[in-house]
Amino acid sequence: MKIKKVTKAVFPVAGMGTRFLPATKSIPKEIMTLVDRPLIQYAIDEARAAGIKDFIFVTSRGKSALEDYFDHSPELETALKRAGKTDLLEILKSTNMDSGAIAYVRQNRAMGLGHAVWCARKLVGDEPFAVLLPDDVIAAEKPCLQQMVEAYAETGGNMVAAMEVAPHRTSSYGVLDIDQDNGMIVRAKGMVEKPKPQEAPSNLAVIGRYILSPKIMTNLNKMKQGAGGEIQLTDAIAEEAASGKVFGYRFRGQRYDCGSKAGFLQATVAFGLSRPDLCEEFGAYLHDMMALQKAAQ
Ligand code: G1P
């Protein structure tokens, strides 16, 4: 079986980010900063490491700061060059995208994740493609999507990142109905979006990384409403499960739910501590904070 390489990725970034109001009143949530990089940068870097060449953003009104972020900034570059700040210049350059590498499509109405992905259908064309949800930040030695691309080279079909969650949390995730469990790779016979714990087929949840066949776009064309009255990506993928073409991939790494405040704070601590330039000072501060809290108890 010849499996086509995955070179296109879709980033659904049209959401309003209401959970982070008032911060998201004037900035897209994907621009919110984890240590010193916007959330979206982590997803872009992960996609690049996995061999993605074409980046497709599904945006909406009020997201122009995202487009500006990926543009070159000649004034800033000149100023840094003049000041001899080559280290900052390098950091800045690492965020630049080649002309034509990013495309933007608009989702005019908020109709769900499946609908957002469907908005990219013309740019995706007849090729397998990745989807990355920037809210899910994954710290891993080998970036998660790269792990998946390697596994997908063996399986083909459709692959979703998967992780065991506490059974009472299934209603926040897409959940896999497991057919065959081979450890890292699981064959699914179904997928359910946000099932109640008592109705969940397992506690193996979908995390926001996908490698999908173009057939998913055909399934999304049907515009079937699912959980919450929205067009769900999970449902379009589930349609392929009967033919044995849906796989879950238990990635190696730590996932942070940066779509929630607690998750964002956890990610901030973890990423802060993992930075050689910050860990000593920040670690000492956290240590003192904990000691103070214990003393106060
Ligand atoms: C989306 C998907 C869900 C998946 C989750 C992972 O839900 O619909 O299947 O498990 O992302 O983060 P959302 O969190 O956007 O409601």
Side-chain angles (χ1 to χ4, degrees), residues 9-20 24 28-30 32 34 39-40 42-43 46 57-60 107 110-120 130-140 144-145 148 158-178 186 188 190-197 199-212 216 219-220 223-241 246-251 253-264 266-267:
V10 177
F11 300 82
V13 291
M16 289 196 290
T18 46
R19 275 199 247 175
F20 284 93
T24 46
K29 81 174 160 179
E30 297 78 15
M32 290 197 338
L34 189 48
L39 266 194
I40 190 67
Y42 293 88
E46 187 180 326
F57 282 63
V58 182
T59 68
S60 59
Q107 184 189 26
M111 290 171 67
L113 178 60
H115 181 261
V117 170
W118 174 82
C119 290
V131 176
L132 293 95
L133 309 186
D135 275 1
D136 282 331
V137 175
I138 301 171
C144 179
L145 191 66
M148 288 173 70
N158 299 280
M159 182 170 278
V160 300
M163 178 183 106
E164 257 80 28
V165 295
H168 70 275
R169 298 277 296 131
T170 56
S171 53
S172 301
Y173 298 93
V175 174
L176 293 164
D177 190 355
I178 301 170
V186 170
M191 259 169 89
V192 191
E193 181 67 8
K194 306 203 167 98
K196 292 189 190 122
E199 284 158 16
S202 76
N203 66 332
L204 188 58
V206 177
I207 299 304
R209 302 290 182 275
Y210 308 76
I211 299 178
L212 302 175
I216 299 304
N219 296 349
L220 287 170
M223 296 287 153
K224 259 200 242 155
Q225 282 186 11
E230 296 190 332
I231 296 158
Q232 297 292 352
L233 184 58
T234 296
D235 296 342
I237 302 169
E239 279 191 45
E240 298 306 296
V246 176
F247 301 94
Y249 180 78
R250 286 193 181 95
F251 58 94
Q254 178 67 43
R255 173 255 187 175
Y256 296 94
D257 175 12
C258 290
S260 80
K261 288 174 205 172
F264 208 115
Q266 287 160 18

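Numbering starts at 1 and runs along the sequence shown. Being a predicted model, the structure only gives us computed values, none of them experimental. Atom set for the values below is all heavy atoms of this structure, side chains included, hydrogens, waters and symmetry mates excluded. Order of listing sets the numbers, starting from 1, for every ligand and every atom in it.
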How are the rings of Phe11 and Phe57 set to each other: parallel, tilted or perpendicular (split at 30° and 60°)?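 Phe11 and Phe57: parallel rings.
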To check you understand the geometry: which heavy-atom pair defines the closest contact between [X] and [Y], and what is its length?
X: Asn158; Y: Ile237; result: CB-CG2, 4.4 Å
X: Ala9; Y: Leu132; result: CB-CD1, 3.8 Å
X: Met148; Y: Ala161; result: CE-N, 3.5 Å

What's the shortest distance from [atom] to any protein heavy atom, and which residue and atom give it?
atom: atom 9 (O) of ligand 1; result: Glu193 OE1, 2.7 Å
atom: atom 12 (O) of ligand 1; result: Asp136 OD2, 2.8 Å
atom: atom 16 (O) of ligand 1; result: Lys194 NZ, 2.6 Å
atom: atom 10 (O) of ligand 1; result: Val206 O, 2.6 Å

Yes or no: does Leu133 have any heavy atom under 4.0 Å from an atom of ligand 1?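 It does; at least one heavy atom falls under 4.0 Å.
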Could you check whether any heavy atom of Arg255 sits closer than 4.0 Å to an atom of ligand 1, since that is the contact criterion I want to use? yes
Sequence neighbours left out, what passes side chain to side chain donor-acceptor pair (under 3.5 Å) with Glu230? Give chain and number order.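 By the side chain to side chain donor-acceptor pair (under 3.5 Å) rule, Glu230 matches no residue at all.
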Contacts of Ser260 meeting side chain to side chain donor-acceptor pair (under 3.5 Å) (sequence neighbours excluded), chain-then-number -> none
Please tell me if the side chains of Thr234 and Leu113 come closer than 4.5 Å, counting only heavy atoms from C-beta onward.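 Result no, sub-4.5 Å side-chain heavy-atom pair not found.
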Determine if the distance from atom 14 (O) of ligand 1 to the closest protein heavy atom is below 4.0 Å. no
Under 3.5 Å between some N or O of ligand 1 and some N or O of Gly208?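 Gly208 vs ligand 1: no N/O contact under 3.5 Å.
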Which of the atoms of ligand 1 are close to Gly174, meaning less than 4.0 Å from one of its heavy atoms?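 Reading through ligand 1 atom by atom, the close ones are 3 (C), 4 (C), 9 (O), 10 (O).
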For Thr234, the ligand 1 atoms whose distance to one of its heavy atoms is below 4.0 Å: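 Those atoms are 9 (O).
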